[in-house]
Structure formats: structure tokens, C-alpha cells
Amino acid sequence: MSKTLIKNGTIVTTSNEFVGDILIDGEKIAAVGQNLDVAADEVIDASGEYVLPGGIDQHVHFSFTFKGTCTRGFETSNAAVAGGTTTVIEFVNQVKDKGLIESIENYRKEKADGIAMADYAFHIVMTDPRPEVIDEIPSLVEAGYPTMKLFMAYKGQFFHADDEAILKALMKAKDCGITVMVHAENADAVDILEKRNIALGHTEPFGHVLSRPPMVEAEATARAIHLAKIAEAPIYIVHVTCKEALEEVARAREAGQRVCGETCTHYLTLDASNLAKPDFEGAKYVCSPALRTAEHREALWKGLNLGTINAVSSDHCGFDWAHDKHVGIDDFRNIPNGAPGLQNRLAVLWTYGVEAGRITRQKLVDLFAASPARNAGLDHRKGFLSAGYDADIVLYDPRGKSVITNADMLHGVDYCSYEGMEQIGHVDKVFLRGQLAVKDGKYIGEKGQGEFIPRKPFGTMYR
Ligand SMILES: [Zn+2]
């Protein structure tokens, strides 16, 4: 086994930081300390750089279909690694008439194994809550997929879940340590508002914003939390985007309920004015829930600092603008929902969080790696720089400024959500289970380098 010693970097953990060394032995971290006096095959000088755990993106879509279009797949997962994310968790829709595990495993064989370039895991999206499917839920644990998501949004789509499905899932899942996650938007309210906006002539991308005001998210968030209370189950709210939804989560937490949630990079840094861009450019920013305003952004940063929400994901959706997004050129309801961001998560959090004084470096490590690891049940081998853990390590060079451009993105789509924004520092090196996969900011890994990672039930946030 080859040994690599990373020397003199500033090692950042969720609680402290210090100039020190990390010894990698094969795929694992063998030692972390100060002035490690050990032999190694290779020594890397990380002076002036920050040493962070590889990121965990608990919310990505490598095969999300919407109105006949589909996002780019695992063949673009090197974009994650290039941006410092070494593990991604993909959402797999249960296929009609198939079981939960069968749906994941068919997907895995066809679309991920031997292709993925980051380590990977899966959340199942329950779309067909037949009694046999509800009964199958406990077996997700042994299969290593102990999380499931339900979509309260998207009326009329096959993946929409009603309250009955959610309550049944919560009741079944809690006894075996499975975390239920929900996309919280009131599907009926969105449907009515969409129709009204179309009737008023708002067919353009901004109609999406007008049809998804914060209250549709807040209402569904409150309802999901109440359903979890009825089931006496924990619940996780994906992509919290607004003050009102955040308040629902905060209130439940204060009352002692086991509720938590995430937000996403774009909700922290972009706003709804992007959807008003002319010449259909606004379609690039159509994602659900919709982008908000500066007031909501600041509330989200505050929510992260208070721990009301505990992770920042990308909700990466690699839809092309020229083709996929144009399906909705005459009607915003047909614009595929989602935006790319897989590669930008760390640098954007660094620049607009740490450098802007909104979060500490410790908090960044927590939101980017440690909490997602705990949420997902990966914290026994991912998300921390400790001996025995997978050697997923990022060297972030904080020196220098650049402008974010799609030319540097590996996500395989024709635009970048953060185009033209300033970035401070960059991902210099990334180790994926001990192998150098990014060198001098360039991806040098290979197809199939990612490994499937089985997860354990109930992240520690619930204990
Ligand atoms: Zn999503």
C-alpha cells in the first residue's frame, strides 16, 4: 500500500483548526497530527492551504426526468470531484410496478456501477405506495439505502405523493431507522397558481416564481412536520428556501420534535431576479422551490448558523439550456425544474460564506461534509478527517480570485448557474479514497473510480 503524507496544511475540523499533517495509507487516513515523523512514498506540501474533508452532496440528480427530458448522468460525476465533493447521493425514482430495492439496483447496474467517478449512494423516491411497497420499506436498511424521499410537489406527476403515502411511509420507516425526506410544496396551490398565471399571459420563466410563493413551501413544510408528529417519526425537509418554512422547522425543533433540513447553494447566493432575464435566459434558473430574495437568503444563512437546517446541498440537475430548458419556451410549466451546481458548492460556500464573514471555516466543514455524512448514515467512514476514515481529502487554496465560468465546468451542460460571479480561492487537490483525483485544480481521475457506499440507518442527528 502506498503512503502519502500531506504536510503543513491548515487542517479544518468542525470544531477547530491547526497546522498539521495527514498520513494516507492506501484508501484510509492512517494518522492526523502535528509534525508527524513518518516515512511515506510521497510527501505533499500543503503550506498556505486549507485541508478539508471531501464533501458529501446528499442531494443530486443524475437521472431526473421531466417532461421528456433527462439530466446528465454519472458520466459527469467528475464535476463533483473537481469541486471537492467526493461522495454524492442520488435520488432514484421507484419504477412503476417495481419494488424499492429493485428500482435502485436496476438503476445502479445500468447507470452508476463502473461509471461513477465520485463515491455514491442512493435515496429511493417512493412513487407507488402499494401495501407491498410499504411493507418493503424495512428491507431498505439491510440493502444500505436507509433514506427515502417523497414529493409533496408536482401534482399530476407520477412521483407526487399525497398525505396518505407520506404518513404511511413515516409510520413504517421510523421503527427501522429509515429517514423520510420530503420535498415540501403544496402541489394543489402551485397547480392553481400556475393555471392562473398562464391565463394572465405569464408564460415566460418568471411565471414559475409567481406560481411558487414562499407560502406554498411553508404550508407543506408545516404539514409534513405535523404528519411526522402524528407518526412520532423524525423527518428531514430537503431544500428549505424561505424564511416562513425555516420558521416552521425552528418552531418544531424548539418543541423538541426531531426535524431538520438542508438548503442549497443557489438559495444562499442567487435570487428570483434571475428568472426575469430576457431571451429565455431566465429558464436557466427554474428550479423548485423557486429562487427567493435577499431577505430569505440572509434568513437561510442565519438558519444554518443556528442549526435549524444543517447542510448545504447542490440539488444538482444537469439540464441543458439550448435543448432541455427550451421544451418550455412557450409555457414555463414545461421548463425542466432544476439547475446545475455540483462543481460549485465548496468554492461558492467558501467565497460567499467564509470570505463574506457569514460562516466560520468550522461551519463550512460541517455543512459541506460532516452533517451530510451524519444525516445520510455515512459518518462511520466519510465526512471527517480522522484516522480510520476514508482518505477523502480536499486541499483548498484560498489565494487568488477568479470569475466562475462554464468553460471550467465538467457537468456536461451548456451553462453554469453562477456564471460571472467572483470566486475566492480554488480546489487545488482532491484525494478520493487515497487516490489523487484532482491535481493543480484539474481533474485527473478516471471513469468507474467511484465506489458504492452502503449506509447505516438514522443519522446521528436523530439520536
Ligand atoms: Zn432535488
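Counting starts at 1 for both ligands and their atoms, in listed order. What you see is a predicted model; the values in this text were computed from it and never measured. The residues of the chain are indexed from 1 along the displayed sequence.
In summary, an N, O or S atom of H59 is located under 2.8 Å from the Zn ion (ligand 1). At least one N/O/S atom of H61, whether from backbone or side chain, sits less than 2.8 Å from the Zn ion (ligand 1).
Ion pairing of E194 with R212 is present here, as a side-chain N (NZ or NE/NH1/NH2) and a carboxylate O approach within less than 4.0 Å. Salt-bridge annotation for E105 and K98: absent, with no side-chain N of the basic residue lying under 4.0 Å from a carboxylate O of the acidic one.
In this model, no donor atom of one side chain and acceptor atom of the other lie less than 3.5 Å apart for Y107 and E102.
A cation-pi arrangement, defined by a distance under 6.0 Å to the six-membered ring centre and an angle within 45 degrees of its axis, is present between K149 and F91.
Distances from the Zn ion (ligand 1) to each N, O or S atom of D315 single out OD1 as the nearest.
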